[in-house]
Amino acid sequence: MPNYYQPEIECASHEQIRAWQDERLVKTVRHVYQNVPYYRNLMDKRGVTPDDIHSVDDLCKLPFLTKDDLRDAYPYGLLATPLQDCVRIQSTSGTTGRRVVAFYTQHDIDLWDDCCARAIMAAGGTKDDVVHVCYGYGLFTGGPGLNGGSHKVGSLTLPMSSGNTERQIQFMCDLGSTILCCTPSYAAYLGESIHERGLQDKIKLKAGIFGAEAWSEEMRQDIQQKLGIKAYDIYGLTEISGPGVSFECSEQRGMHVNEDHFIAEIIDPNTGEVLPDGEKGELVFTSITKEAFPLIRYRTRDICVLSREKCSCGRTHVRMSKPMGRSDDMLIVKGVNVFPSQIETVLLNKGYPANYQIVVSREHNSDKLEVLVEMTPEMFSDELSKVSAREDELVGALKAMLGIYAQVKLVAPKSIARSEGKAVRIIDKRKLY
Ligand SMILES: [Zn+2]
């Protein structure tokens, strides 16, 4: 029997999970109201006090928190414990603006490690495994998170960090790594490099835990095939602790959220209204066990669906889908939410390159959606009747995906304008009227 698995928590009844969440939410709200002036101001502005919060049902009374709030409060503005009680900071890369810094007490680190340990266990990890961590270490949460989880499981941990592919492969062969933790793009690259060197037979990997990047089902198949492993997804954000907020089980059908530590909600990104399970919207997290840096109703900007359908692995914690896009990218056309990622999925499924442009305009007071799609050079040499049949096929497939009509225009390869090497995806002409 593995030495780290918490079926009494991970397979608890829905009622039990709700009871934990109710109690811990009430406690967390009191904690931030008393100790974080920034939160107290936000709550006062909304006219809500800790006395109004009795259970998860009251969550919707609380204000949202966004990345802008975290940047405004940088560095200490959201700290909920004395700095002397903290033992660690982690930080985002800051590529999209000011850095976000998150603080941890030892208790917070322990809980984070627990969450990552669950992810490793769900991928089949035991104390007999050799866990090869080539996420970056340092301020980035990937390396430290999986490292801590692996220690809890009792696996032999290789703190490789990122880069130096030659050395990664050598250690993998020499030390018999069985579980690989890194970004999916690096896993694919490692797979290729191992094949190029003809070292497939020397690799003992059985599973991989990949996150910190968006990746598709096609990429999963590719990695699984190249490395001969089962590839598991893991999700987390530095702001809400790091990797391990949710993780995939062997079913590979969505990631179980560690609901004893985090409450997940799906909201309409435009109105903030909470949506029922099964509906697509923006993922919002509330941490209910963190001491130093608890976040209440933090808007992740990731578009997801939650599912409470029974999972055959036995875990009862709610599952979230892979993020399907960012709420910042969402378009509203004829009152319907449209994500570029949905259009991209249709195009890739039908064998088109992912070079397309979405043009939204307004004609006679009604929205018009047009999708320009680059053909492959082979398609381009087809006769016109075939091109027009292809356009009709795409119109049908897009209607099925989006629920609305989109005009499709197939265009010559490389004819869509690019900026910094990337196609300009969305042109919303409605803003010009
Ligand atoms: Zn499961």
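We count ligands from 1, going down the list as the structure has it; atoms in each ligand are counted the same way. On a predicted model such as this, the values are computed, not experimentally measured, just so you know.
- Note: Phe285 and Tyr235 have tilted aromatic rings, judged against thresholds of 30 and 60 degrees for the angle between ring planes.
- Within the 3.5 Å criterion, the main-chain N or O of Pro276 finds no donor-acceptor partner in the side chain of Glu279.
- Listed by chain and number, the protein N, O or S atoms at a distance under 2.8 Å from the Zn ion (ligand 1) are Cys249 SG, His256 NE2, Cys311 SG, Cys313 SG.
- Annotation: cation-pi pair Arg88/Phe103 absent, no NZ/CZ under 6.0 Å from the ring centroid and within 45° of its normal.
- Within the structure, every pair that satisfies the ring pair (Phe, Tyr, Trp, His ring centres under 6.0 Å) test and touches residues 105-156, not counting sequence neighbours, is listed here: Tyr104-Trp112.
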Show every donor-acceptor pair shorter than 3.5 Å between a side-chain atom in residues 11-19 and any protein atom, with sequence neighbours excluded, or say none if there are none.
{"residue": "Ser13", "atom": "OG", "partner": "Gln16", "partner atom": "N", "Å": "3.1"}
{"residue": "Arg18", "atom": "NH2", "partner": "Asp57", "partner atom": "OD1", "Å": "3.1"}

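- Residues satisfying the salt bridge (Lys or Arg N to Asp or Glu O under 4.0 Å) criterion with Arg220, sequence neighbours excluded, are Glu217, Glu248.
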